[in-house]
S.K.: 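One structure is given below, represented as structure tokens, and several questions about it will come after.
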Amino acid sequence: MVSPNIISELRAQLGKDNVLTSPEELIVYSYDASAAAPKGRPDVVITPSTRDQVACIVKLCAKYNVPIYPRGSGTNLSGGTIPLKGGIVMSTLNMNKIIDLDYENLTATLQPGVIIQTLNDAVAAAGLIYPPDPGTVSTATMGGAVAECAGGLRGLKYGVTKHYVMGLEVVLANGEVIRVGGKTVKNVTGYDLTQLFTGSEGTLGIITEIIVKLIPAPEHHISMMAAFNDLDRAARTISDIIKNRVIPATLEIMDNTTIRTVEEFKKVGLPVEAEAVLLIEVDGIKEVVEREARVVMDICRANEVDKITVAKDDQERFRLWEARRAALPALSRVKPTTILEDATVPRSRIPDMIRAIRKIAEKYDLVIGTFGHAGDGNLHPTIVTDASDKEEMARVERAVNEIFEAALGLGGTLSGEHGIGTAKAKFLEKEFGSEGLAVMKRIKDALDPNGILNPGKIFVSLGESKNADD
Amino acid sequence: MQMIDSLAEVRAEIGKCMKCGNCQSVCPIYQETRHETGVARGKITLVEAFLSGELALTEKLENLLSLCLVCKSCVINCPCGVKLDKIVLGARAEIAKRKGLPLIKKAIFGTMKRPRYMDFGLKLGSRFQGLVFRRHEDREANYPRFSIGMSLRRIIPPLAVLPFRQVVPERLVVQKPRLKVAFFTGCAINYLYPDIGISTVNVLTRNNIEVIIPKAQHCCGTPVLAHGDVSTARQMAVSNLIILKSLEVDAIVTSCASCGGALKHEYGELLSDRSQKKLALEIGARVYDINEFLTEVAGFEKPKGDVPLRVTYHDPCHMVKVQQVTEPPRQVLRSIPGLEFVEMAKPDRCCGNGGSFSLQYYDLSMDITGKKMNDIKNTGTDLIVTSCPGCRMQLEDGANRYGLPHRVVHTVQLLDQAYRNHKQTDK
């Protein structure tokens with residue numbers, strides 16, 4: 001698909017060290033962190049370092065109709081970076097400069113290959129944070145986080161990536177470069193293209209520069225763990241906390257299957273009898289945090305909590321959260337394949353959703369551990385299975401289908417934070433209807449008429465199918 | 001049960017990886033190259049494809065699999081507990097089995113199997129090293145004079161005129177010993193850094209501990225295992241275990257992080273024969289790093305002599321990630337009067353040595369060292385302390401290359417100095 005003369009043009013533009021073509025180098029770009037997603041080997045992997053190089057390469061791709069897949073650290077969970085149709089994988093990892101930290105406007109300007117944690121380390125001395133903290137904060141790139149609109153544990157209080165992106169520089173499918181948004185808090189000039197590109201999963205343009213908002217770091221934290229032997233009491237606690245005007249930074253839930261699996265794997269002292277465990281952290285100004293922690297504890301007690309633990313110091317706080325961090329790894333050890341979903345519902349419907357998932361697990365005789373961000377309604381039902389077991393995989397597929405239907409039925413959405421990628425593409429119409437899907441396709445076709453940008457993701461566009469027919 | 005050259009076990013280890021990519025945040029190689037081939041999940045994919053036949057055994061594949069420091073940073077950071085070292089060493093062993101070792105490696109490892117030949121060769125080498133190397137202006141180190149498969153900018157320590165084990169008696173008797181230990185010196189201390197050996201012995205005898213330094217001890221096997229020569233590594237391990245078993249001692253002490261890791265943990269996994277494995281576990285349980293032994297077993301005498309230096313400490317990978325020893329060397333340093341200890345950022349970040357990795361990939365290895373040097377520069381100290389001769393060699397070279405005035409010593413050398421400084425003030 002990528003002819004030798006294109007490869008020599010790439011080498012001329014980027015230098016030969018930045019154009020990888022051997023099978024050994026290509027095979028390791030045929031997947032990302034999405035366990036069950038289909039793989040695809042690229043024809044070339046390139047590592048440009050400047051916007052001009054990116055623009056030049058996209059022009060080349062447009063000229064020869066070659067698919068191009070932007071990729072950061074490849075840690076996403078929806079198959080968003082997998083080169084399904086061959087072509088060029090473009091790694092942004094050599095574009096890893098922090099361009100500007102502006103402490104008067106509280107913004108950071110970055111190249112897309114900067115790691116999220118690197119940004120946080122750079123602004124820590126100034127007492128600032130960039131709040132969105134997906135589980136991959138120490139590996140994921142800012143470019144990837146913006147393209148996928150990554151969420152994280154602090155979504156409830158601080159929001160997600162899109163709430164922090166103020167401006168972007170984007171290389172379009174024809175190789176032209178545009179700048180949208182900027183450093184101003186207020187900006188209603190024209191369509192909000194910044195938000196359009198945020199979460200577009202690399203299908204509308206390639207992000208080459210990002211301006212994000214920074215906020216003052218909270219000075220104090222208190223973490224608590226509350227165990228309930230009854231799911232409804234746990235659920236009532238969640239809504240009561242919010243109803244009482246306390247917005248915790250994090251409000252996480254783990255169901256009984258997850259609790260048992262984590263405890264077996266790590267022995268962190270979780271109550272294995274509990275139906276649900278809530279992990280709650282309040283942060284902010286010390287006096288306020290102490291008051292809020294008291295409110296949270298009172299609410300837990302009012303809902304007859306079976307056991308409540310408050311971390312006394314940073315070490316205990318770390319230990320409490322260790323249980324949550326261990327959830328996915330622990331579940332992933334049960335069986336070879338782990339399918340992690342992120343169907344999301346309004347937070348008041350959390351107990352209904354957990355119950356629906358449990359019923360689905362029983363119906364299809366599957367192990368599904370559910371944990372996640374209870375405070376923002378974003379659950380992670382995690383199916384542990386074996387991809388080589390065809391019969392079980394058929395049941396898994398039906399179960400996933402029903403999980404999505406349950407979430408949509410409760411007024412929710414297919415994906416809270418992982419994106420659609422390839423994994424959820426076929427369900428998109430269920431949420432949007434054919435008219436809604438058609439609007440998205442029209443936007444895609446307007447910006448990328450030949451479908452060369454990250455083809456096969458979110459949906460198959462008109463340009464792509466035309467391309468496939470050629 | 002685990003065996004380094006069992007493909008079934010390598011495959012089982014591969015199966016645990018869920019490709020989350022968490023290894024990216026800690027892999028020293030990946031931090032430099034930023035290529036998926038460099039990081040653990042990429043190497044796992046390569047080995048998997050190699051074993052399934054999807055990838056042929058090419059020079060490229062071999063090179064990519066040699067591009068691992070075996071520092072185990074990914075192993076301790078992996079949420080699924082994947083032991084990448086087992087996968088990489090298993091793959092290297094399989095490659096060595098299919099292709100045979102290159103002649104040069106065969107010759108070198110063959111000599112290493114025979115301590116006497118090695119003594120002879122390296123003694124000869126120390127006589128004539130001036131022909132090949134020129135002295136550094138002020139460091140105890142040499143530059144190569146011409147290309148010998150080593151970067152001309154690189155400095156390495158001079159070969160000892162006499163190996164350590166030939167300078168010291170096999171048994172150092174003390175009056176009414178509290179304890180009796182065997183000192184496993186390893187090759188680097190024996191041939192390159194006898195000063196660490198001498199300080200180890202001084203410190204132990206000063207603490208009224210009898211020391212036996214078995215003359216016939218072998219290389220610990222780590223370097224040959226890294227090249228996939230499992231059978232030579234096994235022979236070395238068995239020979240060392242038999243020698244150590246024959247001694248009536250309370251403990252076995254090492255001053256080399258890699259030797260300590262091999263004796264404590266790796267022999268048990270390397271040896272497949274049941275009785276040998278049992279012996280490895282028995283002996284392994286009695287092995288201590290010198291810092292660990294001084295603080296946790298011997299309750300060492302607190303020095304009274306001043307060593308008025310500002311120092312920082314580098315954690316060797318094989319100390320932190322294999323032996324899980326971090327506090328004891330710091331306790332030793334803090335016990336020294338007049339010494340100011342400043343922690344560097346990320347003290348457990350790999351120094352970039354990785355044994356022969358630094359020969360094969362010198363520039364990459366020095367890029368990794370560059371990060372370390374930057375952290376060291378920020379401490380405002382005068383001296384680097386560590387607990388592994390391999391790291392010492394790398395850090396010494398790095399300091400020279402990046403223009404830091406620092407020298408590099410082993411913790412035990414500073415303790416020895418503190419004891420001696422007190423004696424001098426006594427007089």
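Chain letters run A, B, ... following the sequence lines, proteins first and then strands; every chain starts at 1. For clarity, every value in this text was computed on a predicted model and none was experimentally measured. What's counted below: heavy atoms across the whole structure, side chains too, no hydrogens, waters or symmetry copies.
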S.K.: Search all heavy atoms of S25(B) against all heavy atoms of S138(A) and return the closest pair with its distance.
M.R.: CB-O, 3.3 Å

S.K.: Tell me whether K267(A) at atom NZ has more than 12 heavy atoms from other residues, nucleotides or ligands lying less than 6.0 Å away.
M.R.: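 Yes - once you tally the heavy atoms of other residues, nucleotides and ligands closer than 6.0 Å, there are more than 12.
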
S.K.: Do other residues, nucleotides or ligands put more than 12 heavy atoms under 6.0 Å from the CZ atom of R319(A)?
M.R.: no

S.K.: If you measure from OG1 on T75(A) to CZ on R41(B), what distance do you get to the nearest 0.5 Å?
M.R.: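 Those atoms lie 7.0 Å apart.
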
S.K.: If you count heavy-atom pairs within less than 4.5 Å of chain B, which of S22(A), P336(A), S73(A) leads?
M.R.: S73(A)

S.K.: If every non-hydrogen atom of S332(A) is compared with every non-hydrogen atom of C80(B), which pair is closest and at what distance?
M.R.: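 Nearest pair, atom of S332(A) first, then C80(B): OG-SG, 3.4 Å.
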
S.K.: Out of curiosity, T139(A) OG1 to Y30(B) OH, how far, rounded to the nearest 0.5 Å?
M.R.: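 Here the rounded value is 8.5 Å.
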
S.K.: Any side-chain heavy atom of T47(A) sitting closer than 4.5 Å to one from R34(B)?
M.R.: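 No, their side chains stay 4.5 Å or more apart.
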
S.K.: Looking only at atom types and distance, does a side-chain atom of Y29(A) sit under 3.5 Å from a main-chain N or O of E36(B), one as donor and one as acceptor?
M.R.: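 Judged by distance alone, yes, a pair lies under 3.5 Å.
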
S.K.: Give, for atom CD of Q24(B) and atom CD1 of I115(A), the distance between the pair rounded to the nearest 0.5 Å.
M.R.: 7.0 Å

S.K.: Do V28(A) and K43(B) have side chains that approach each other closer than 4.5 Å (heavy atoms only, starting at C-beta)?
M.R.: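 They are not in contact (no side-chain heavy atoms under 4.5 Å apart), so the answer is no.
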
S.K.: Between N94(A), T338(A), T136(A), which shows the greatest number of heavy-atom pairs under 4.5 Å with chain B?
M.R.: N94(A)

S.K.: Looking at every non-hydrogen atom in both residues, tell me the closest pair between D17(A) and H35(B) and how far apart they are.
M.R.: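 Taking every non-hydrogen atom into account, O-NE2, 4.5 Å.
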
S.K.: Which bit of L61(B) is near chain A, if near means a heavy-atom gap under 4.5 Å: side chain, backbone, both or neither?
M.R.: both

S.K.: Please report the interatomic distance CG(L328(A)) to CE(M18(B)), rounded to the nearest 0.5 Å.
M.R.: 4.5 Å

S.K.: Would you give the length of the straight line joining atom CD1 of I27(A) to atom CG of L55(B), rounded to the nearest 0.5 angstrom?
M.R.: 4.5 Å

S.K.: Going by atom types only, do E24(A) and T58(B) share a side-chain donor-acceptor pair under 3.5 Å?
M.R.: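 The answer is yes; a qualifying pair exists.
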
S.K.: Within a 6.0 Å radius of atom CD on E264(A), are there more than 12 heavy atoms belonging to other residues, nucleotides or ligands?
M.R.: no

S.K.: Can you tell me if NZ on K377(B) sees more than 12 non-hydrogen neighbours from other groups inside 6.0 Å?
M.R.: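 No, NZ of K377(B) has 12 or fewer neighbouring heavy atoms, counting only those of other groups under 6.0 Å.
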
